[in-house]
Number of protein chains: 2
Amino acid sequence: MNIKEASEKTGVSSAAIRYYEKESLIPAIDRTPVGNRDIDDRIIRRIRFVTQMRAAGMSIENLRRYIELFDAQEDNTKEQKSLLKEQLAVMEEKRDDLQAAIDHLNYKLNHFYDHMETTEAELRALEKEHADKVDHQEETPDDGV
Amino acid sequence: MNIKEASEKTGVSSAAIRYYEKESLIPAIDRTPVGNRDIDDRIIRRIRFVTQMRAAGMSIENLRRYIELFDAQEDNTKEQKSLLKEQLAVMEEKRDDLQAAIDHLNYKLNHFYDHMETTEAELRALEKEHADKVDHQEETPDDGV
DNA sequence: TTAAACCTTCATGTACGCTTCAAGGCAAGG
DNA sequence: CCTTGCCTTGAAGCGTACATGAAGGTTTAA
């Protein structure tokens, strides 16, 4: 399939696919006799993997390091594992930060007064109450906003 | 406290604090007679809030919209709630994407052979088995990388 | 009084991750 | 033959979120 079809299939722009190839996030793509890219399912799978990891916040650079290790045929198992673990730790921390922010916003949402007469001081008090409840006190609670 | 101390206290660079003020992510900061910023705990709390939301992937632009609504004294409750809900939805999706990627990497990690003799085909089979197990099959499984 | 160590504003630079543009080639249809 | 529509490469442009540098002011301490 040509690059446009691959783009439609994956939701990744043609330019981005070329960019991924240039950055070695996906393997070198086969060409037709006239030099056009001829994309198969293996490439599609790689593009999807890249998309998933990018969505999870993995940088192009880290993704390239990771993929290089896999593509090298030497026994890189240890390095691969430690790279995987590293990345997992980063992503888990990210997820937890995200969850904390979600909790924070949910709390705000659930304590909205219908006519919003709450003062900053009251909101701070509410925050404090919450902080105590979830045992996650900050040195300085936030400002009601 | 001066901007350097605030920077040390929050882990946010002085330049970034000035930038946040200029972008109205934090309120206008009081000045000393000579024009230096004099930062109090209220500002520190705002900076921390900004930091948390930034870490959760909220853009400067959305954060500014959100804070503007709060700082305006009109009754914006409805808009505030819907903005909050919008942002929550974005963050929850982000969290779920992240979790999916974590699951994916964890799976890879747990199926590593100690001497990595696995072929691509075997890896694909493993992926498939996993996909079946968690009932999250992709149209095209990824490529073992 | 002179240097260090802060601060200010304003302008420009930087990194990332693409997107868009320019210039051109190939193949099919009218 | 010419337009349409796909493709190619390389280079330049762009938005975000700051970082850095220039030019200058103030306070403290030797």
Side-chain angles (χ1 to χ4, degrees), chain A residues 1-40 43-44 46-67 87 90-91 94 97 101, chain B residues 1-26 28-40 43-44 46-68 87 90-91 94 97 101:
Chain A
M1 94 191 68
N2 68 22
I3 200 169
K4 203 192 185 199
E5 291 163 335
S7 166
E8 281 157 7
K9 204 162 179 179
T10 59
V12 176
S13 76
S14 299
I17 294 175
R18 293 195 192 99
Y19 173 72
Y20 289 163
E21 187 188 14
K22 205 175 57 178
E23 295 299 317
S24 305
L25 299 192
I26 57 183
I29 301 175
D30 289 344
R31 302 308 178 105
T32 66
V34 298
N36 291 5
R37 286 173 182 80
D38 186 13
I39 296 177
D40 60 18
I43 302 293
I44 296 290
R46 290 283 192 119
I47 292 170
R48 293 212 166 115
F49 177 72
V50 168
T51 303
Q52 183 174 18
M53 292 304 146
R54 293 283 307 119
M58 198 182 209
S59 70
I60 298 285
E61 173 63 19
N62 275 344
L63 203 38
R64 203 171 40 61
R65 284 203 306 145
Y66 171 68
I67 287 171
Q87 184 58 31
V90 168
M91 285 162 57
K94 214 164 197 162
D97 287 353
Chain B
M1 98 190 65
N2 67 22
I3 200 169
K4 203 192 184 197
E5 291 163 334
S7 166
E8 282 157 7
K9 203 161 178 178
T10 59
V12 176
S13 76
S14 299
I17 293 175
R18 293 194 192 98
Y19 174 73
Y20 290 163
E21 188 188 13
K22 204 174 59 177
E23 295 299 316
S24 305
L25 299 191
I26 56 182
I29 301 175
D30 291 343
R31 302 309 177 104
T32 65
V34 299
N36 290 6
R37 285 173 182 79
D38 185 13
I39 296 176
D40 60 19
I43 302 294
I44 296 291
R46 290 283 193 119
I47 293 171
R48 294 212 166 114
F49 178 72
V50 168
T51 303
Q52 183 175 18
M53 293 303 145
R54 293 282 306 117
M58 196 182 211
S59 71
I60 297 286
E61 173 64 17
N62 275 345
L63 203 38
R64 202 173 39 62
R65 286 202 306 144
Y66 172 68
I67 286 172
E68 259 167 22
Q87 184 58 32
V90 169
M91 285 163 57
K94 215 164 199 163
D97 286 353

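Residue numbering restarts at 1 for every chain, and letters A, B, ... go by the order of the sequence lines.
In this structure, the CD atom of E8(A) is 9 Å from the P atom of dC6(D), given to the nearest Å. Spacing between atom CG of L63(B) and atom P of dT16(D) amounts to 14 Å, rounded to whole angstrom units. If you take CD of E21(A) and P of dC18(C), they are 15 Å apart, rounded to a whole angstrom. Rounded to an integer number of Å, the gap from I17(A) CD1 to dC6(D) P is 15 Å. The distance from atom CG of N2(A) to atom C1' of dT8(D) is 13 Å, rounded to the nearest whole Å. N62(B) has its CG atom 17 Å from the P atom of dG15(D), to the nearest Å. M53(A) places its CE atom 15 Å from the P atom of dG17(C), with the value rounded to the nearest Å. To the nearest angstrom, P of dG10(D) lies 13 Å from CD of E23(A).
Of the side-chain N and O atoms in R37(B), one or more sit less than 4.0 angstrom from OP1 or OP2 of dT8(C). In this model, the phosphate group of dA19(D) is approached by a side-chain N or O of S13(B) to a distance below 4.0 Å at OP1 or OP2. Proximity of Y20(A) to the phosphate of dC18(C): a side-chain N or O atom is located under 4.0 Å from OP1 or OP2. Put simply, R54(B) has a side-chain N or O that comes within less than 4.0 Å of OP1 or OP2 on dC18(D). Distances shown here put a side-chain N or O of R31(B) below 4.0 Å from the OP1 or OP2 atom of dT9(C).
Between the side chain of D40(B) and the backbone N or O of I43(B), at least one donor-acceptor pair lies under 3.5 Å.
Contact annotation for R18(B): base contact, defined as any heavy-atom pair under 4.0 Å involving a base atom. Nucleic acid contact class of T32(A) (heavy atoms, under 4.0 Å, all strands): none. Residue S14(B) is classed as having no contact, given no heavy-atom separation below 4.0 Å to the nucleic acid.
In this structure, S59(A) OG and R65(A) CZ are separated by 8.0 Å, a value rounded to the nearest 0.5 Å. Summarising the geometry, atom CE belonging to M58(A) is positioned 11.0 Å from atom CD belonging to Q52(A); distances are rounded to the nearest 0.5 Å.
The minimum heavy-atom distance linking V50(A) with L25(A) is given by the pair CG2-O, 3.7 Å. Of all non-hydrogen atoms in A56(B) and A101(A), the two that sit nearest each other are CB-CB, 3.5 Å.
Nearest-nucleotide assignment on DNA chain D puts the 5′-proximal partner with I60(B), out of I60(B) and N36(B). Projected onto DNA chain C by closest heavy-atom contact, M58(A) and V34(B) fall at different nucleotides, the more 5' of which corresponds to V34(B).
Nearest nucleotide to the side chain of K4(B), out of dC7(C), dC18(C), dA27(C): dC7(C). Listed nucleotides: dT8(D), dT20(C), dC26(C). Nearest to the side chain of A15(A): dT20(C). Closest to the A16(B) side chain, of the nucleotides dA19(D), dC26(C), dG17(C), is dA19(D). Between dC18(C), dT27(D), dC26(C), one nucleotide has an atom nearer to the side chain of Y19(A) than all others, and that is dC18(C).
Under the 4.5 Å side-chain criterion, counting only non-hydrogen atoms from C-beta, N2(B) is not in contact with T32(B).
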